[in-house]
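Structure first, then comments.
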Amino acid sequence: MIEQRLSQVVTQAFAACQEAGEIPRTVVCPPIHLERPRQSAHGDLATNIALVIAKAAKRSPRAIAEALVARMPSDPHLQGVSVAGPGFINFDLIPTWFVEQLTEIIAADQRYGCTNIHQGERCQVEFVSANPTGPLHVGHGRNAILGDVLGNLLAAVGYQVTKEYYVNDTGVQIETLGRSVLCRLRELQGEKAAFPAECYQGSYIIDIAQQLQGDGTAVAWQTLDERAQSLACGRYAADRILRGITDDLAACGVVHDRYFLESALHVEGAIPVVIEQLRHAGHLYEQDDALWFRSTAFGDDKDRVIRKSDGSLTYFAADIAYHARKYVEGFSRVVDVLGADHAGYVPRMKAVVAALGHDAGSLDYVLTQLVNLTRGGEVVSMSTRRGEYETLARLIAEVGRDVTRYFYLMRSHTAQLDFDLALATAQTLENPVYYVQYAHARICSIFAKAEATGAGWRQRDPLEASQLDLEEERALARLVGEYPGLIRAIAEELAPHRLTVYLLEVARTFQSYYTRGKQDPRYRVLGQALPKMQAKLSLLHCLRIVIRNGLGLLGISAPERMNRIEGDAAHHD
RNA sequence: GUGCCCGUAGCUCAGUCGGAUAGAGCACAAGCCUUCUAAGCUUGGGGUCGCAGGUUCGAAUCCUGCCGGGCACGCCA
C-alpha cells in the first residue's frame with residue numbers, strides 16, 4: 001500500500017526530471033521496484049530506479065538519483081529521502097505512516113488482499129484430470145492442491161474462476177479397465193486363468209468386481225457378448241472410481257466446479273468440427289494415410305498426428321477439441337496443471353491455441369514435479385502396475401488435511417518434493433503449519449481475554465498512531481501491508497509456495513513480539529492504558545486478518561484455539 | 001543424443017525485475033516460564049550459492065560450456 005504511494009511519487013519525480021531535461025525523453029520509466037532494505041540504516045524502503053536507467057540515460061546512477069530526489073514531490077508519509085551507495089534512493093517514513101493502512105485493512109477485512117485488476121475476465125483452471133482407472137496417489141495430490149490454490153489466487157485478483165476436471169472416460173485405458181474388472185469377475189466366478197499383465201493389478205479392481213457380483217449387476221450382463229460385457233464393466237468401474245476420486249478430493253478440501261467428460265466431445269461431434277476449422281486455416285496435411293497438425297509452424301519440435309492411418313483419432317484430437325471449447329465458452333485465460341512427465345505436451349497444445357487464432361500466452365501450463373513419498377527415509381513405491389502405491393486418501397487419513405496441503409504448498413512446484421510421512425506425522429510439534437495456526441490462535445486468545453476482562457476491542461475507536469511506538473510493531477504493520485502486493489505477484493507468477501513462506505515470516509515476527517511480553521511489559525497487549533491497548537489490538541486484528549485470509553487462500557483452517565498435543569508435557573518437567 | 005526441471009549451511013528448502021553484509025526450519029551448543037497458550041522465545045557456531053568462463057558499477061539471480069540428479073522425447077493415453 002505504501003509501496004504504491006511511493007512509486008507514484010517516484011514516477012512523478014521521473015516525469016519532472018524529463019521535463020527539466022535531466023533524463024532524456026527517450027528513456028521509458030520502468031516499473032518502480034521498491035524493496036525493504038535488509039538493514040534498517042538503509043531506510044524503510046528503497047528503490048534502485050537510478051541504477052536501472054543509468055545506462056539508457058547516459059548519466060551516473062548517483063547523479064540521476066540526486067536529480068530524482070530534488071524533483072520529488074513531498075508526501076506526508078516521508079520524513080527523509082536520501083541517496084546512498086551506488087545510487088539507491090532510500091526513504092525514511094514517519095513513525096506513524098502505517099496507521100491509515102491498518103485502518104484500511106480492518107475495513108477490508110475478509111476482502112483484504114483481494115483486488116479487482118482482472119475484473120470481468122474469465123479464467124479456467126484445469127487440474128487433476130486423472131484417468132478414472134485407479135485411485136489418486138500422492139502425485140495427483142500435489143496437482144490437486146496446487147490447482148485448487150491457483151484457482152483461489154486467481155479469483156483473489158478478480159478473475160471469475162472455474163475449476164475443472166477433464167475426465168478421459170473413453171478410449172484404450174477404459175477398455176483395459178473393463179477387461180481388468182471382467183477378468184477379476186471371472187476369477188470370482190471360479191474361472192481359472194492367469195491375470196493379464198497389461199491389466200490393472202491393484203486390489204481395488206477386485207473390490208469393484210466383488211461389488212459387481214454382489215449387487216447382481218454382473219448376472220444381468222451375462223447375456224451380453226464378451227466385448228459388451230467388458231465395455232459395461234469399464235463404464236461401471238470408471239464411474240465408481242471417479243466417485244472415489246471425488247471423495248478423496250473432497251477430503252483434501254478440493255471441489256471442482258465441473259467435471260467435463262471427454263465422451264461429451266464425441267457426443268457433440270466437436271472433434272470433426274475443430275478438425276475442419278484447422279484444415280480450413282491450412283494447418284493440416286495428409287501423409288502416410290494419417291492426418292497431421294503442422295505444430296512446427298508454431299514452434300513445436302515435430303508435427304503431430306491427429307488421425308492415425310487406421311482411421312482412429314489420437315488422444316490429441318480430443319484434446320484439441322476440448323481446448324478449442326474452452327475459448328468458445330468465453331475463457332480468456334486458461335491454466336492447465338499437469339505432471340512434469342507431460343511437459344512434452346505443452347508446445348503442441350500452445351500451437352493449437354495459436355492455430356485457432358488465440359494468443360498462445362493465454363494458455364498457461366503449470367507443471368508439477370515428482371513427489372517422492374518417504375517413510376522414515378525409505379522411499380515408498382508408487383508403481384500403479386503393482387498396485388503398491390500410496391494413495392492420497394491414505395495420506396490424508398494419516399496426516400490430515402491442513403498438514404497435507406501445507407506440505408504440498410511449501411515447496412516451489414518446479415522442484416521435486418520429498419514428502420516425508422514420518423516428518424509430517426511424528427514431528428507435528430515442529431510442523432510449520434501448526435506454527436502459523438498457533439500464531440492465529442494466540443491472537444484470538446488475546447481477544448477472548450480482552451473480552452472477558454470487560455475491556456474488549458472497540459473497532460470503531462480511531463487508531464491513535466502515537467500508541468504504537470515499538471520498532472517491532474512497525475515491522476508487523478509493514479509486513480501486513482505487503483500482503484496485497486504479494487498476492488498480486490503470486491497470482492501473476494502462479495507461485496503459491498511464496499504465500500507459505502510469507503505466512504511463516506508473519507507468524508515468526510509475531511511470536512517473537514509476543515514472547516518479549518514475558519519479560520518486558522511494554523510488549524504486552526493487555527493491561528495497558530486503554531488507548532494503547534486499543535491500538536495494539538487493532539494491530540493484532542490486522543495480523544489475524546492476514547493470517548486468516550492467507551490460510552484461507554491455501555485452503556487451510558485458521559483455528560481460534562489449538563488443542564494441546566500429547567507429548568508436550570515433557571516441556572514442563 | 002535433444003528438450004525441460006533441479007543443484008544454496010550437516011539435512012529439508014526460501015531467496016521477487018540483477019542490488020547494499022546470502023536467509024529460515026530441523027539438527028547442534030548455551031540461556032529464558034509468578035503474567036496475553038513454553039505447540040513459544042533469545043543468543044551462538046555452521047557457506048567455494050555444483051564447477052569454469054563471460055556480460056557490468058554490481059551475479060545465487062542473466063549468457064555459454066561442463067559435472068551431477070530427475071523427467072520427457074510414439075500414428076500410446
Side-chain angles (χ1 to χ4, degrees), chain A residues 30-31 33 35 37-39 41-42 46 48 51-52 54-55 60-62 84-88 90 131 133 168 171-174 176 287-292 301-302 304-310 312-316 318-319 339-347 367 369-370 372 410-418 420 423 427-432 434-435 437-439 441-443 445-450 453 485-486 489-490 492-493 495 497-498 500-502 504-505 508 511-519 521 523-527 536 540 561-565 567-568 571-572:
Chain A
H33 183 212
E35 61 169 26
R38 204 171 292 117
Q39 293 174 71
H42 292 146
N48 64 345
L51 297 150
V52 172
K55 183 168 281 185
S60 83
R62 278 202 74 103
F88 289 99
N90 294 339
N131 294 335
T133 55
N168 298 121
V172 180
Q173 298 197 53
I174 300 298
T176 305
Q287 187 181 303
D288 304 329
D289 298 327
L291 182 65
W292 296 73
D301 297 335
K302 50 179 291 193
R304 306 292 172 174
V305 171
I306 289 180
R307 184 172 13 81
K308 297 180 253 181
S309 52
D310 68 1
S312 65
L313 295 167
T314 59
Y315 170 86
F316 182 46
D319 220 10
D341 53 342
H342 289 81
Y345 206 71
V346 173
L367 302 174
Q369 294 289 327
L370 218 72
N372 288 310
M410 227 168 15
R411 310 295 177 217
S412 163
H413 64 263
T414 58
Q416 293 188 12
L417 174 69
D418 285 320
D420 189 346
L423 212 70
Q427 295 202 354
T428 46
L429 294 181
E430 289 103 31
N431 210 309
Y434 292 139
Y435 185 85
Q437 288 179 323
Y438 183 44
R442 256 185 171 168
I443 293 168
S445 170
I446 293 172
F447 274 84
K449 206 121 201 169
T453 57
L486 181 81
I490 288 173
E492 216 58 54
E493 295 165 29
H497 75 280
R498 288 184 54 195
T500 65
V501 174
Y502 169 79
L504 212 48
E505 188 184 357
R508 198 169 7 251
Q511 301 274 34
S512 174
Y513 167 74
Y514 174 92
T515 309
R516 290 198 67 165
K518 299 278 174 203
Q519 305 290 329
Y523 285 80
R524 232 163 283 158
V525 175
L526 305 180
K536 282 171 181 267
L540 289 201
R561 61 174 53 245
M562 302 284 279
N563 295 318
R564 289 186 169 275
I565 293 170
D568 182 48
H571 291 281
H572 299 281

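Below, read A as the first sequence line, B as the second, and so on, with proteins coming before strands; counting in each chain starts at 1. Below, all heavy atoms of this structure are taken into account, side chains as well, without hydrogens, waters or symmetry copies.
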So, using side chain to side chain donor-acceptor pair (under 3.5 Å) as the criterion, who are the partners of A:S445 when residues are at least two apart?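 Counting only residues at least two positions away or on another chain, A:S445 forms no side chain to side chain donor-acceptor pair (under 3.5 Å).
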Taking only residues two or more places apart in sequence, or in another chain, which ones meet A:Q511 in a side chain to side chain donor-acceptor pair (under 3.5 Å)?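 Here the qualifying residues are A:R442.
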Closest to the [X] side chain, choosing from [options]:
X      : options             : value
A:L370 : B:G70, B:C36, B:G40 : B:G70
A:R411 : B:C75, B:C13, B:A38 : B:C13
A:W292 : B:C17, B:C75, B:A38 : B:C75
A:K518 : B:A38, B:G15, B:U16 : B:A38
A:K55  : B:C75, B:U16, B:U56 : B:U56
A:H497 : B:C41, B:A14, B:A20 : B:A14
A:D341 : B:C36, B:A72, B:U16 : B:A72

Using a 5.5 Å cut-off between ring centres and planes within 30 degrees, is A:H42 stacked on the base of B:A20? yes
For B:A20, is there a stacking contact with A:F88, counting only centres under 5.5 Å and planes under 30°? yes
What's the shortest heavy-atom distance between [X] and [Y], and which atoms?
X      : Y      : value
A:L313 : A:R307 : CD2-CB, 4.1 Å
A:N90  : A:A46  : OD1-CB, 3.3 Å
A:Q369 : A:T414 : CG-O, 3.0 Å
A:V525 : A:I446 : CG1-CG2, 4.1 Å
A:M410 : A:T500 : CA-OG1, 3.7 Å

Using a heavy-atom cut-off of under 4.0 Å over every strand shown, decide if [X] touches base, sugar-phosphate, or nothing.
X      : answer
A:G171 : nothing
A:H342 : base
A:Y345 : base
A:V501 : sugar-phosphate
A:A340 : sugar-phosphate
A:A495 : nothing
A:N90  : base
A:Q437 : nothing
A:R561 : base
A:Y502 : nothing

Taking donor-acceptor contacts at under 3.5 Å, does the side chain of A:S445 reach the base of B:C36? no
So, under a plain 3.5 Å distance rule, would you say the side chain of A:R516 forms a donor-acceptor pair with the base of B:U42?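 Answer no: no donor N or O sits under 3.5 Å from an acceptor.
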Rounded to the nearest angstrom, tell me the gap between atom [atom1] in [X] and atom [atom2] in [N].
X      : N     : atom1 : atom2 : answer
A:N48  : B:U61 : CG    : P     : 17 Å
A:Y434 : B:G40 : OH    : P     : 13 Å
A:E493 : B:U16 : CD    : C1'   : 6 Å

Mate of B:C41 where both pairing distances stay under 3.5 Å, Watson-Crick or G-U: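 Base-paired to B:G31.
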Searching all strands shown, indicate the nucleotide that pairs with B:U2 (Watson-Crick or G-U wobble; both distances under 3.5 Å). B:A72
Distance to the ring centre below 6.0 angstrom and angle to the axis at most 45 degrees; does that hold for A:R304 and A:F316? no
Does the side chain of [X] get closer than 4.0 angstrom to OP1 or OP2 of [N] through an N or O atom?
X      : N     : answer
A:Y514 : B:A38 : yes
A:R508 : B:C41 : no
A:S512 : B:U42 : yes

Of A:P37 and A:T314, the one whose closest nucleotide on RNA chain B sits nearer the 5' end is A:P37
Assign each of A:D289 and A:K449 to its nearest nucleotide of RNA chain B by heavy atoms, then name whichever residue's nucleotide is nearer the 5' end. A:K449
Where the chi angle of B:C33 falls, syn if within 90° of 0 and anti if not: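 B:C33: syn.
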Given 3.5 Å as the limit, does a donor-acceptor pair link the side chain of A:T314 with the main chain of A:V305, or not? yes
Test item: A:R62 side-chain N/O and A:G85 main-chain N/O as donor-acceptor pair under 3.5 Å: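 Checking the backbone N and O of A:G85 against the side chain of A:R62, a donor-acceptor pair under 3.5 Å is found.
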Annotated protein contacts, base or backbone, on nucleotides 1-8 of chain B with a non-hydrogen cut-off under 4.0 Å, one of B, S, - each: ----SS--
